[in-house]
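Chain letters run A, B, ... following the sequence lines, proteins first and then strands; every chain starts at 1.
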Amino acid sequence: MKRLKKLAITVGCRFFIAMCLCLFAGVDIVYAQHAESDSITGKVHQIPDVTVSGKKTMNKISSVVPVQRLGKDMMEDLGIQNMADAVRRFAGTDVRDYGGTGGLKTVSVRNMGAAHTAISYDGVAVSNCQAGQIDIGRFSLDNVESLSLSVGQNEDMLQSARLYASAGVLNIETSRPEFLEDRKWQLLFQVKSGSFGLVNPYFRYGKQLGEKTVLSVDGDYLRSDGQYPFLLKNGKYTQTEKRSNSEVDSWHTEWNLIQEFKEDKKLNVKAYYYQSERGLPGAVILYNPVSNERLWDKNAFVQAKYQDKIAEKWSLQVLAKYNYAWNKYQDKGAQYEGGVSTDHYTQHEYYASGTVLYRPFQGFSVSLAQDLAVNTLDSNLPDCPFPTRVTSLTALHARYQLGSVQMDASLINTYIKEHVESGEKPDDLKKLSPSFSVNWKPFSEQDFFLRAMYKSTFRTPTFNDLYYYRLGNRSLRPEKAKEYNIGVTWGAKRNSVWDYLTFTGDVYFNQVTDKIVAFPSTYVWRMANYGKTHIWGADITLSMGIPLGELFKAYFSGSYTWQKAVDLTDPNAKNYKDQLPYTPEHNGNGSVILETPWVKLGYSLIGVGKRYYFSQNIPENEIDGYVEQTLTLSRQFSFKTCRLRLQTDFINFMNEQYEVIKYYPMPGRSWKITVAIHF
Amino acid sequence: MQFRKLFFSLCCMVALGTSLAACSEDEELFDDSGSKVTLPAHRAFILNEGTMGANNATLSFYAPDNNADFIKDIFYTQNQAKLGDTGQSMIEYNNDLYAIIAGSRYLVRMNTAGVEKQRYAIPESEGDPRYLAADEGYIYMTQYGGQVTKLDANTLKVVGTFKGGANLEGIAECDGKLYVANSYTKNDAGYQYHTDLFVINAANMQLETTLTVDLNPNQVLEEDGKIFLISWGNYADKGYSAQMIEPQNGNKQTSLGVATNMAVGDDMVYFVNSETDYSNWPETSTNNTFFSYNIKTATVNSSSFLKNAPAELATSSVYMMSVDDEKGDIYIGVTFYSNSNGTMYRFDRNGNFVEKFDCGGQNPKTMVFID
């Protein structure tokens, strides 16, 4: 027994040392850099005695609110295909995936709706005032360092007011260049190829321009014919069909300049361009395979982020962004004069944010964030009033640390003024939204935290809600959401069984009122504040690293979500108290990564229970649950001047035929090969 | 003796002939061949539109005499396949059912038990199918893109077309003429609403004349030699309206009031105006006004033809109305859109509430009766 214990300690120590060496050697430099890049916020604002989370954990132990995180290495090791595939592994998320590479993918946190979830790209919120929801499918994972999802109040105090004002934030952090050996430059080529005509080359060039200046240029191209087979069942007929009009052709480039003036003073400037053309296959329609819809997108933005610890007790963050978004939608059919209908939309956004953080004495911090945004929409649709929206968001956040208890309170003031060139403008919006949270570490020697949170948020009606031809309603009020959460986090100490183990459990209740929905009116619908939902849920996550001798390591992570989300709009309705559409009562996922001296093996599984695709919970509206499994083999070779990485993914290798959205079939079994060479 | 034998034989033949004729008449009335269920003589079918893109159009069976169970989707029961996407319209003609499944772009012919006999797939170059009329062995189908297609009712072979107008909607036949609503044009400038009611010679499919009617004509029905039309207006300053056109009186037009839907039968026209009132925002509700027109007496009765309707019907979105010619019963289908299945309210000819029942699908679009 003693011998075993000694062996376990030896193995544990070796693993720990190996990890440290790896970190210092730069194998895991991306993590080190990430931690460094967060130094201003991380050092100042996290509560003391925080245990650094392990390499493959999916959650942040210390957080006041539930935060889940996926790093680049884990995404690679598990063969994660795209942003939506990554996000759906977070507990409590609801990803609407319309299938295929080009299909729309949106994320909603704890069933409050996609418009309540903010997407932050390197610290700056991505917005879409026209539709309110962001297509996360268009973001490439190639240059992403980490994804994190925080529900409720993010613990970072140096953030923009826009992020404060959201019910949940999906944070996308891109990676910095990684210089091998003593080089001052980096060159990375990567090619992915696979089923359904997928070709996806990617390159990165990074250059150390001076002692404290780094430039990186990323570019990727993606094309896929998207003609994947699927099984179409229609009573006595079961036949294999192929998705049509689902090709996508896109490219994206991104330029990043990082200037570190001195410690705790940093400027990041990013220029981004994305362009795509895709077919929109639409729902699979029985007996009618024709689909003619197409979509073109162009999106460009320039953003700058400046962080400065201006004095011992003062920190500052300034953000600025200009965003241009254009899209063209085309449909063909005899119902249109000339056989074609084309709609154009152009959005501009001018955005600035400033946040000041003050720590007058030990244990107390207060921050004030002020955002100003101007959004415009042009369209060729009839009766488009060419709206301009001016939004002012002010967030005041105070944090007090009393021994092992941390208390946070924030108040967000929203003021929105709109201008239209025709018709009546909506009333100005003025609203205060408070939130509170408490985090308690009852045992000083244990990484065990208890937390509670309340947050009030709302979503503003989108331009489509207000002005869309015939459907829009300029009298809409905001859709309100209240979140209540209690949770526990435990980070177990390392022992002979595990290197690390983290567990989180959360129980929550969300209340959404004044939901903005298309109100039933005979023949012509109109947007209205007409809905009320209650969402009860529980999320559990578990991550652990298991040493298997000197040569092998295993990492396990999993999550489970239970959700009861009911419609309470109309007591006389047939769907009263029925589960909301596309909300499984049970869903979860698990993954295992096995590191061996020869190859790294990743296996992941996602399981989703039965759902309903309409509000009424009757058998005809049911969608079957599914289990999707992916297997990944990868190996990295280190040469004198470069590193070579080879990877093969067997995606959905059990060929499960399933749909996330009814009649938008997901691809069955497919494969992908990745070759990456890093100089 | 020979005469007696001959007389007896003749009597037998007459008796046999009579019985055969009766049998054949019965068969003609109830062609239930291939049916997997036994249906009563008096029967009704509801075409539920479903939700676009969800392939959930259904055909429900209902026994007006309450002598058989309701069947949610008799098309699936009989054919072991789904009807498809967006049930648009349905008529009964010569003891067959003809239905347009617009999203799936086909016209289907079924027997009186819902067993599919034939289908006609709309060619890709043509517009979506909309509404149906039938006469003299032919089916007439309006389509978007300005087309009326004439098909042989027994074979569903195309025998003629009319091309003209933009997006055509309702159609009715009267004395060899087709009355077709030319509703709107969709172009880059938006929706351009028309005021045309085409009068087409059904025999040669040539346009005879164009009547100018209220803006955005849509639903067209015929009863007792008169055409009844509901126009939808422009959804802004011009609202819904109901008109009567008298072909035998020089196509004289008479305004009958404001209505969103109507049904004809039993020499009556039943109207409903089912619009949503936004004037008291944020309180919104749909308020229904029911009224009728008596064709025999040529009078509009502006008071409701319903006597003891359930309270909720006054504020529900009425999606269809239909009249059972045999009993004169009135059926009113309300929609909850994609939220839930529609509900059907049944009243007798005097407006007394009989019952209400689930339609078996979303958005009940039309109901036809066979007896």
> What's the verdict on side-chain contact (heavy atoms from CB on, under 4.5 Å) for A:I661 and A:R96, showing C-alpha distance, side-chain angles and the deciding distance?
Replying inline: CA-CA 7 Å; A:I661 303 295; A:R96 301 276 167 99; 3.5 Å; yes
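Rounded to the nearest 0.5 Å, atoms OH (A:Y613) and NZ (A:K662) are 5.0 Å apart.
Looking at B:E126, only its backbone comes within 4.5 Å of chain A, counting heavy atoms on both sides. The contact between B:Q362 and chain A is made entirely by side chain atoms (from C-beta outward), counting heavy-atom distances below 4.5 Å. Of the two parts of B:D188, the backbone and the side chain both hold a non-hydrogen atom closer than 4.5 Å to a non-hydrogen atom of chain A. Of the two parts of B:N363, neither the backbone nor the side chain holds a non-hydrogen atom closer than 4.5 Å to a non-hydrogen atom of chain A. Both the backbone and the side chain of A:I285 come within less than 4.5 Å of a heavy atom in chain B. Residue contact with chain B, scored on non-hydrogen atoms closer than 4.5 Å, involves the backbone and the side chain of A:Y336 alike. Of the atoms belonging to B:A81, heavy atoms from both backbone and side chain fall under 4.5 Å from chain A. Heavy atoms closer than 4.5 Å to chain A are found nowhere in B:I122, neither backbone nor side chain. Of the two parts of B:Y191, the backbone and the side chain both hold a non-hydrogen atom closer than 4.5 Å to a non-hydrogen atom of chain A.
One side chain, B:Q78 or B:S35, offers a donor N or O that lies under 3.5 Å from an acceptor on the other.
Within 6.0 Å of CG in B:N287 there are more than 12 heavy atoms belonging to other residues, nucleotides or ligands.
A cation-pi arrangement is found for B:K365 relative to B:Y319, the charged atom lying closer than 6.0 Å to the ring centre and inside a 45° cone about the ring normal.
Among B:A54, B:S104, B:G190, the residue making the largest number of heavy-atom pairs under 4.5 Å with chain A is B:S104. For the set B:E312, B:K72, B:Q143, the count of heavy-atom pairs under 4.5 angstrom toward chain A peaks at B:K72. With chain A as partner, the option from B:D358, B:D128, B:I101 having the largest number of non-hydrogen pairs under 4.5 angstrom is B:D358. By number of non-hydrogen pairs under 4.5 angstrom with chain B, the leading residue of A:N621, A:N575, A:I618, A:T569 is A:N575. The candidate with the highest count of non-hydrogen atom pairs below 4.5 Å against chain A, out of B:T343, B:N341, B:N56, is B:N341.
The aromatic rings of A:H344 and A:W326 lie tilted to each other, with the angle between the two planes from 30° to 60°.
The closest donor-acceptor contact from the side chain of B:N48 to the backbone of B:G50 lies at 3.5 Å or more, if one exists at all.
Ion pairing of A:R459 with A:E479 is present here, as a side-chain N (NZ or NE/NH1/NH2) and a carboxylate O approach within less than 4.0 Å. Using a cutoff of 4.0 Å between basic side-chain nitrogens and carboxylate oxygens, A:E424 and A:R474 are not scored as salt-bridged.
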